[in-house]
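Just so you know, ligand 1 is whichever comes first in the structure, and atom 1 is the first atom listed for that ligand.
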Amino acid sequence: MRRKNVGYKLINVLPAGRAYFFEVNEMYNPKSLKAEEFIDHEEILETLKFADKNKENYELIDSLIEKAKLRKGLTHREASVLLACEDNERISRIYDLAEQIKKDLYGNRIVMFAPLYLSNYCVNGCVYCPYHMKNKTIPRKKLTQEEVKKEVIALQDMGHKRLAIEAGEDPINNPIEYILECIDTIYSIKHKNGAIRRVNVNIAATTVENYKKLKEAGIGTYILFQETYHKESYLKLHPTGPKHDYSYHTEAMDRAMEGGIDDVGLGVLFGLELYRYEFAGLLMHAEHLEAVHGVGPHTISVPRVKKADDIDPSSFDNGISDDIFAKLCALIRISVPYTGMIISTRESQELREKVIRLGVSQISGASRTSVGGYCDNERPHDTEQFDVSDQRTLDEVVNWLMTAGYIPSFCTACYREGRTGDRFMSLCKSGQILNCCHPNALMTLKEYLIDYATENTKKIGNALIEKELEKIPNEKVKEIARHNLKEIENGNRDFRF
Ligand code: SAM
């Protein structure tokens with residue numbers, strides 16, 4: 001049934017004083033707590049229609065690019081027009097702007113993390129994931145606390161300080177108590193100079209009560225990928241199990257926020273549905289969080305479906321090219337400038353290089369997506385969730401980033417200093433990042449260089465730190481950072497602003 005349109009909303013005022021208006025749907029309400037109202041299907045369809053109609057409206061497109069330069073973001077409708085634009089000169093202007101915004105707001109720091117797979121037991125039927133319940137060929141494995149410890153020591157010995165824990169959904173095998181016990185184990189391990197200082201959690205949608213428990217356990221970001229915002233497809237792609245419930249899944253971030261977790265990470269699994277639909281849905285989700293909770297998503301992840309045990313990505317019709325992938329990253333960067341963007345080792349070195357420039361702020365390194373995979377010398381494939389494209393060691397990734405002029409950051413200071421949610425956003429918006437994140441990145445890189453790096457990486461890194469120290473604007477902060485770097489050389493650890 002078509003719903004009636006109830007009004008007009010100003011989308012953008014053009015320099016000549018003319019304005020564009022578009023219709024809004026009665027049911028579309030970013031403030032609603034109902035999934036189907038804040039991710040309103042009709043609103044997405046009309047957004048796509050509006051974008052198609054205006055994809056050669058260069059006056060509007062130019063004004064949207066100008067608007068994005070204000071670094072206040074773009075609405076889903078505005079950004080969708082830019083996504084539809086096929087004019088190469090304008091796309092290259094969008095890329096330039098994304099690059100500039102990335103530089104201005106995130107500098108040249110790239111935050112490093114690794115996933116840690118705890119268990120691949122799962123009761124869901126997700127058709128793109130090899131952990132689906134009907135897969136009888138994949139060995140099922142769940143780490144004991146002793147095994148968690150071994151994995152964490154292996155990750156610490158590489159130099160990781162930040163993990164994202166991953167688990168299938170299985171109330172019997174992976175209840176919340178198990179996840180909490182693992183988090184406790186991870187934080188408790190003190191091995192040489194190693195420490196995991198931030199545990200992000202990527203587990204299935206759960207209750208407010210469980211989110212409260214995760215918050216109390218000291219997690220960083222709660223990450224949950226929507227997979228697809230298209231309800232009809234969602235139901236087909238998740239035919240069985242608790243994840244089949246579209247509303248429960250889509251409303252999870254609101255429950256997480258209610259439970260006190262104010263850093264949440266969104267994501268879409270690109271390849272499942274039309275990317276233009278997903279992009280509009282993703283931005284609507286971000287607008288919803290901002291409208292209801294006063295703070296947008298902390299991060300957005302951009303995974304694409306990959307080959308895995310019994311999964312063939314070519315069986316999905318909506319795979320996207322590397323060029324479209326890059327365009328999506330650039331547009332996310334200019335549409336939600338203050339939301340971090342994450343790219344995993346699902347993608348190749350070349351593509352990672354390209355999208356880091358266009359806006360990605362966090363990457364995983366040396367990842368293994370199998371349960372217990374870090375303890376083996378050889379990369380094990382038997383319990384893997386998906387094939388990893390970038391298979392380099394952490395030292396190789398760190399070396400590569402620095403050679404390209406980036407600072408690999410192992411910083412975890414913000415959430416440990418209580419700078420989460422809107423407090424983190426205000427730090428970004430106040431421009432204090434160069435006096436805070438920048439020295440923190442340099443100090444954690446120094447720890448990495450001393451404790452874990454190869455000689456060549458150390459040499460490149462020490463020169464980089466010297467050069468980058470000069471960028472700290474506040475003289476007092478610079479002096480403290482210098483002092484702390486000396487202290488790190490003397491064996492002390494864990495300094496932060
Ligand atoms: N079970 C949790 C859930 O339901 O969200 C945890 C997440 S799962 C371990 C991590 C993510 O991997 C999924 O949300 C999905 O987007 C992604 N994933 C699953 N199968 C994949 C595949 N074949 N290729 C790439 N990513 C995949």
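Here is the list of ligand 1 atoms found below 4.0 Å of a heavy atom in Lys306: 22 (C), 23 (N), 24 (N), 25 (C). The ligand atoms of ligand 1 that sit less than 4.0 angstrom from a heavy atom of Cys129 are 19 (C), 20 (N). Close approach to Val305 involves these atoms of ligand 1, each under 4.0 Å from a residue heavy atom: 24 (N), 25 (C).
The side chain of Leu269, and not its backbone, has at least one atom closer than 4.0 Å to an atom of ligand 1 (non-hydrogen atoms only; side chain from C-beta on). When non-hydrogen atoms are compared, ligand 1 lies under 4.0 Å from the side chain of Leu224 (C-beta onward) but not from its backbone. With a heavy-atom cut-off of 4.0 Å, Tyr128 touches ligand 1 through backbone and side chain alike. The proximity of Ala167 to ligand 1, defined as any non-hydrogen pair under 4.0 Å, is limited to the backbone. Proximity of Arg304 to ligand 1, defined as any heavy-atom pair under 4.0 Å, is confined to the backbone N, CA, C and O atoms. Contacts of Pro303 with ligand 1, taken as heavy-atom pairs under 4.0 Å, are absent altogether.
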Under 3.5 Å donor-acceptor pairs involving side-chain atoms of residues 158-166, not counting sequence neighbours:
residue	atom	partner	partner atom	Å
His160	NE2	Gly365	O	3.1
Arg162	NH2	Cys411	O	2.8
Glu166	OE1	Asn202	ND2	2.8

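Ring centers of Phe270 and Tyr275: at least 6.0 Å apart, outside the cut-off.
Between Ile219 and Tyr222, some side-chain heavy-atom pair lies under the 4.5 Å cut-off. With contacts defined as side-chain heavy-atom distances shorter than 4.5 Å, the pair Ile91/Lys327 qualifies. Counting heavy atoms from C-beta on, the side chains of Gln385 and Lys306 never come closer than 4.5 Å. No side-chain heavy atom of Thr339 sits under 4.5 Å from any side-chain heavy atom of Leu266.
With rounding to the nearest 0.5 angstrom, the OH atom of Tyr28 is 11.5 Å from the CD atom of Glu37.
With Gln385, Glu169, Gln226, Glu384 as candidates, the residue nearest to atom 8 (S) of ligand 1 on a non-hydrogen basis is Gln385. Residue Arg346 holds the heavy atom nearest to atom 26 (N) of ligand 1 of all those in Arg346, Glu227, Lys243.
Classified by interplanar angle (parallel below 30°, tilted 30° to 60°, perpendicular above 60°), the ring pair Tyr234/His249 is tilted.
For atom 11 (C) of ligand 1, the closest heavy atom belonging to the protein is Phe225 CD1, 3.8 Å. Considering only non-hydrogen protein atoms, atom 7 (C) of ligand 1 sits nearest to Asn202 OD1, 3.5 Å.
Comment: Asp494 engages Arg496 in a salt bridge, judged by a side-chain N to carboxylate O separation of less than 4.0 angstrom.
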